Amino acid sequence: MTTYFNSDIAKRYGVEEAVLLERLRIYSKAERDAGLYSGLLLEKDGLLFVRLSHEKEAQDFPFWEWGHVLTIVWRLVKVKALAVTSHDGSLYCSLLIDAE
């Protein structure tokens with residue numbers, strides 16, 4: 001799995017936003033069928049959404065409190081970089097920008 005820090009994304013949206021977008025980019029590259037089956041991915045309205053978890057055993061961002069993750073998500077929604085939906089009580093995000 002290739003991961004890197006995209007300084008152009010950080011300049012445009014912010015450093016924390018770039019970290020979250022990179023994680024979503026990595027997860028969205030997961031094998032589609034396996035991701036849909038496991039609940040990591042969700043297809044809705046022609047978009048592929050990635051589940052974000054705040055559960056201790058599967059926390060995606062252990063270095064941030066869940067409330068802070070939500071703040072970053074909503075900042076990205078506001079600038080139209082992310083779309084969000086919920087399913088079975090989980091938050092799913094879809095990239096609306098090219099984060100590569």
Side-chain angles (χ1 to χ4, degrees):
M1 173 182 341
T2 302
T3 182
Y4 61 92
F5 187 80
N6 187 324
S7 59
D8 292 332
I9 296 289
K11 285 178 199 173
R12 183 167 185 181
Y13 299 106
V15 173
E16 293 178 323
E17 290 80 355
V19 170
L20 189 138
L21 290 168
E22 174 63 7
R23 181 68 58 97
L24 291 175
R25 184 191 70 81
I26 291 168
Y27 287 168
S28 68
K29 300 286 184 186
E31 201 269 306
R32 187 182 163 281
D33 291 337
L36 291 171
Y37 180 75
S38 70
L40 174 63
L41 302 176
L42 174 73
E43 276 187 311
K44 185 175 182 182
D45 301 327
L47 296 173
L48 188 63
F49 289 83
V50 176
R51 182 187 72 230
L52 290 184
S53 177
H54 68 282
E55 300 166 2
K56 284 197 183 281
E57 61 275 358
Q59 192 174 13
D60 291 315
F61 301 98
F63 40 88
W64 290 325
E65 294 291 325
W66 182 243
H68 190 67
V69 172
L70 294 177
T71 298
I72 297 166
V73 166
W74 293 122
R75 287 192 306 236
L76 288 165
V77 167
K78 188 175 179 180
V79 296
K80 299 183 178 155
L82 282 183
V84 295
T85 191
S86 62
H87 178 72
D88 293 337
S90 295
L91 174 67
Y92 287 82
C93 299
S94 181
L95 294 171
L96 297 177
I97 61 165
D98 181 12
E100 292 200 56

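Here the structure is a predicted model, which means the values were calculated and not measured.
- The side-chain contact (heavy atoms from CB on, under 4.5 Å) with Leu91 is formed by just one residue from the set Leu52, Val69, Thr85; it is Leu52.
- Tyr92 and Leu96 fall within the same hydrophobic cluster, defined by Ile, Leu, Val, Met, Phe, Trp and Tyr side-chain heavy atoms under 4.5 Å apart, directly or through other members.
- Between atom NZ of residue Lys29 and atom CG of residue Leu24 there is a gap of 12.5 Å, rounded to the nearest 0.5 Å.
- Between Tyr13 and Leu21, the shortest heavy-atom contact is CD1-CD1, 4.2 Å.
- Val15 is connected to Ile9 through a chain of hydrophobic side-chain contacts under 4.5 Å among Ile, Leu, Val, Met, Phe, Trp and Tyr, so both are in one cluster.
- Taken together through direct or relayed side-chain contacts under 4.5 Å among Ile, Leu, Val, Met, Phe, Trp and Tyr, Val77 and Trp66 form part of one hydrophobic cluster.
- Val50 is connected to Leu48 through a chain of hydrophobic side-chain contacts under 4.5 Å among Ile, Leu, Val, Met, Phe, Trp and Tyr, so both are in one cluster.
- Of the charged side-chain nitrogens involved, at least one lies within less than 4.0 Å of a carboxylate oxygen, so that Arg75 and Glu16 count as a salt-bridged pair.
- In this structure, the separation between OG on Ser28 and CG on Leu40 is 9.0 Å, given to the nearest 0.5 Å.
- In this structure, the separation between NE2 on His87 and CZ on Phe49 is 12.0 Å, given to the nearest 0.5 Å.
- At distances below 3.5 Å, not a single donor-acceptor pair connects side-chain atoms of Ser90 with backbone N or O atoms of Ser86.
- The structure places NE2 of His68 at 9.5 Å from CG of Leu20, a figure rounded to the nearest 0.5 Å.
- Within the 3.5 Å criterion, the main-chain N or O of Asp8 finds a donor-acceptor partner in the side chain of Asn6.
- Side-chain atoms of Leu76 and Ile97, non-hydrogen and from C-beta on, never get closer than 4.5 Å to each other.
- Leu82 is not listed as a side-chain neighbour of Trp74, based on a closest heavy-atom distance of 4.5 Å or more.
- Using modelled atom types, no side-chain atom of Ser94 and backbone atom of Ala83 make a donor-acceptor pair closer than 3.5 Å.
- Under the 4.5 Å side-chain contact rule for hydrophobic residues, Ile26 and Ile72 share a cluster.
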